[in-house]
Protein chains: 2
Amino acid sequence: MSILEEHESSPGLLLALLGYDAMRRLRAAHDAHGLKPRQFQILGLLEHGGLSQRELNDRMGLDPSLVVALLNPLEADGFVSRERDPADRRRHTVSLTPAGATLLVAAGEAQRAVEDDLFAALDTQQREQLRALLLALNQPASDCA
Amino acid sequence: MSILEEHESSPGLLLALLGYDAMRRLRAAHDAHGLKPRQFQILGLLEHGGLSQRELNDRMGLDPSLVVALLNPLEADGFVSRERDPADRRRHTVSLTPAGATLLVAAGEAQRAVEDDLFAALDTQQREQLRALLLALNQPASDCA
DNA sequence: TATTGTTATACTCTATAACTATA
DNA sequence: TATAGTTATAGAGTATAACAATA
């Protein structure tokens, strides 16, 4: 059943509801691996080298306190390691462990499967269109603050 | 600042995060009128005549308990009225009051302003494209249950 | 003083289960 | 028994403020 009938859907609310559904499905997929969608995102961000928590905050658009709460279980389970930066002892460099890299691969397959299902109604070209439009939305013309 | 860099955004998570941001902006806009986005949606659904709560559940894709919680303040503030259906006394017919109709107009302008800002990065044609793609996502090809 | 990371608390939206009343 | 509506509780994701350690 559809979330909204066409005539009663404002574009903004439609986007909000579809986004909520997307997060719900991502969560269901990653639950099998003991991950939250945002934790999977962190593993992906660490794939090509360690980052400070500050860098994770910035790239994810999240408050530092959120990143701490996401990292703690990942570190406890051995998927991620935290080391103090010798050059600036305030910084904690977060890195992917071998176990974390393995988990990233397995959970990545689950995520791709979910996204295939999520966008099943669109063909390849339409998916590319949608992706391009969403990326445009994500980069506001200018920060006129 | 953008929520995600291009290379690190899965389409599904991108949709989820943009949807969250859309809901956040809608909430901010409707707060000025004492409404939640879902309550504004209810007012819109009642614009062309009364509905039972059951019909509201179905059209909004929400659990009945949610609709109750959304309606109670609306009724208390006089924007909506509930009357028992004489034909089936289990049914409560929900209708828009004159005050509710006035609120719908005012809040509708706020919502349009938010959506204009939300989709500011897109031209008219791109907005139509996006809307069509989102509507397609919202109507899964078939419920192969 | 400013920055990195941490802790604690609270808010929004939604889901589920159990209940009442009507049919 | 089944349906319309209600109540209460819980969960996920995020935001904010206050704090300790380091620069």
Side-chain angles (χ1 to χ4, degrees), chain A residues 3 12-13 15-31 34-42 50-58 60-76 80-94, chain B residues 3 12-13 15-31 34-42 50-76 80 82-94:
Chain A
I3 297 176
L13 186 59
L15 178 58
L17 300 184
L18 287 171
Y20 188 88
D21 189 56
M23 183 62 95
R24 194 173 49 73
R25 296 204 211 184
L26 289 173
R27 185 169 55 233
H30 288 306
D31 256 359
L35 287 177
K36 301 182 175 191
R38 287 296 210 176
Q39 291 177 317
F40 175 78
Q41 186 189 13
I42 288 179
L51 296 174
S52 73
Q53 298 188 197
R54 163 69 201 260
E55 286 169 314
L56 285 175
N57 306 337
D58 290 349
M60 299 176 74
L62 284 181
D63 191 84
S65 63
L66 274 280
V67 175
V68 170
L70 292 166
L71 283 178
N72 287 342
L74 287 177
E75 186 183 30
V80 141
S81 67
R82 276 193 268 215
E83 299 169 22
R84 293 190 99 95
D85 182 339
D88 183 344
R89 292 174 45 73
R90 291 172 304 181
R91 280 182 133 82
H92 291 190
T93 299
V94 185
Chain B
I3 298 176
L13 187 59
L15 178 59
L17 300 183
L18 287 171
Y20 187 89
D21 189 57
M23 182 63 94
R24 193 174 50 73
R25 296 205 211 183
L26 289 173
R27 186 170 54 233
H30 289 306
D31 256 359
L35 287 177
K36 300 182 176 191
R38 287 295 209 175
Q39 291 177 318
F40 174 79
Q41 185 189 14
I42 288 179
L51 296 175
S52 72
Q53 297 187 198
R54 164 68 200 260
E55 285 168 316
L56 286 174
N57 306 338
D58 291 350
R59 294 226 209 165
M60 301 175 73
L62 283 182
D63 190 85
S65 63
L66 274 281
V67 175
V68 170
L70 293 166
L71 284 176
N72 286 342
L74 288 177
E75 187 184 30
V80 139
R82 275 193 268 213
E83 300 169 20
R84 294 191 98 94
D85 182 338
D88 183 342
R89 292 173 46 74
R90 291 171 305 182
R91 279 182 133 82
H92 292 189
T93 298
V94 186

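What's counted below: heavy atoms across the whole structure, side chains too, no hydrogens, waters or symmetry copies.
For C:dT4, its base never sits under 3.5 Å from the side chain of A:Arg54 at any donor and acceptor pair. Looking at A:Arg90, its side chain comes within 3.5 Å of the base of C:dT3 through a donor and an acceptor atom.
The structure places CZ of B:Arg38 at 8.0 Å from CG of B:Leu66, a figure rounded to the nearest 0.5 Å. Between atom CZ of residue A:Arg54 and atom CG of residue A:Asp88 there is a gap of 11.5 Å, rounded to the nearest 0.5 Å.
A:Leu56 places its CG atom 12 Å from the C1' atom of C:dG5, with the value rounded to the nearest Å. Straight-line distance from the NZ atom of A:Lys36 to the C1' atom of D:dG13: 8 Å, rounded to whole Å. If you take CE of A:Met23 and C1' of D:dA12, they are 9 Å apart, rounded to a whole angstrom. Following rounding to the nearest Å, B:Gln39 (CD) and C:dC13 (C1') show an atom-to-atom distance of 12 Å. Between the CG atom of B:Leu26 and the P atom of D:dT14 there is a distance of 17 Å, rounded to whole Å. For the pair B:Arg25 CZ and D:dA15 C1', the interatomic distance rounds to 17 Å; values are reported in whole Å. Residue B:Arg38 contributes atom CZ, which lies 12 Å from atom C1' of C:dT12 at whole-angstrom precision. Across the protein-nucleic acid pair, A:Leu70 atom CG and D:dG13 atom C1' stand 10 Å apart, rounded to whole Å.
A side chain to side chain contact (heavy atoms under 4.5 Å, CB included) with B:Leu51 holds for exactly one of B:Asp58, B:Leu56, B:Thr93, B:Val94; it is B:Leu56.
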Inset, instruction - Assess whether salt bridge (charged side-chain N to carboxylate O under 4.0 Å, His left out) is satisfied between A:Asp21 and A:Arg25, documenting all intermediate values. - result: CA-CA 6 Å; A:Asp21 189 56; A:Arg25 296 204 211 184; 3.1 Å; yes
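Between A:Arg24 and C:dC13 there is no side-chain polar atom (N or O) within less than 4.0 angstrom of OP1 or OP2. Residue B:Arg84 places at least one side-chain N or O under 4.0 Å from the OP1 or OP2 atom of C:dT22.
Residue B:Arg27 is in sugar-phosphate contact alone, with no base atom involved, counting any heavy-atom pair closer than 4.0 Å across all strands shown. Note on B:Asp88: only backbone sugar-phosphate atoms sit closer than 4.0 angstrom, heavy atoms only; bases stay farther off.
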Inset, instruction - Would you mind building the protein contact string for nucleotides 6-11 of chain C? One character per nucleotide, 5' to 3', B for base within reach (heavy atoms under 4.0 Å), S for sugar-phosphate only, - for untouched. - result: BBB---
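Residue B:Leu17 places its side chain closer to D:dT14 than to any other of D:dA23, D:dG5, D:dT14.
Along DNA chain D, the nucleotide nearest to A:Leu62 and the one nearest to A:Pro86 differ in position, and the one closer to the 5' end is contacted by A:Leu62.
Closest non-hydrogen pair, A:His30 versus A:Pro37, comes out as CD2-CA, 3.8 Å. Residues B:Gly34 and B:Gln39 share a closest heavy-atom pair of O-OE1, 4.0 Å.
In this model, a donor atom of one side chain and an acceptor atom of the other lie less than 3.5 Å apart for B:Arg82 and B:Gln53.
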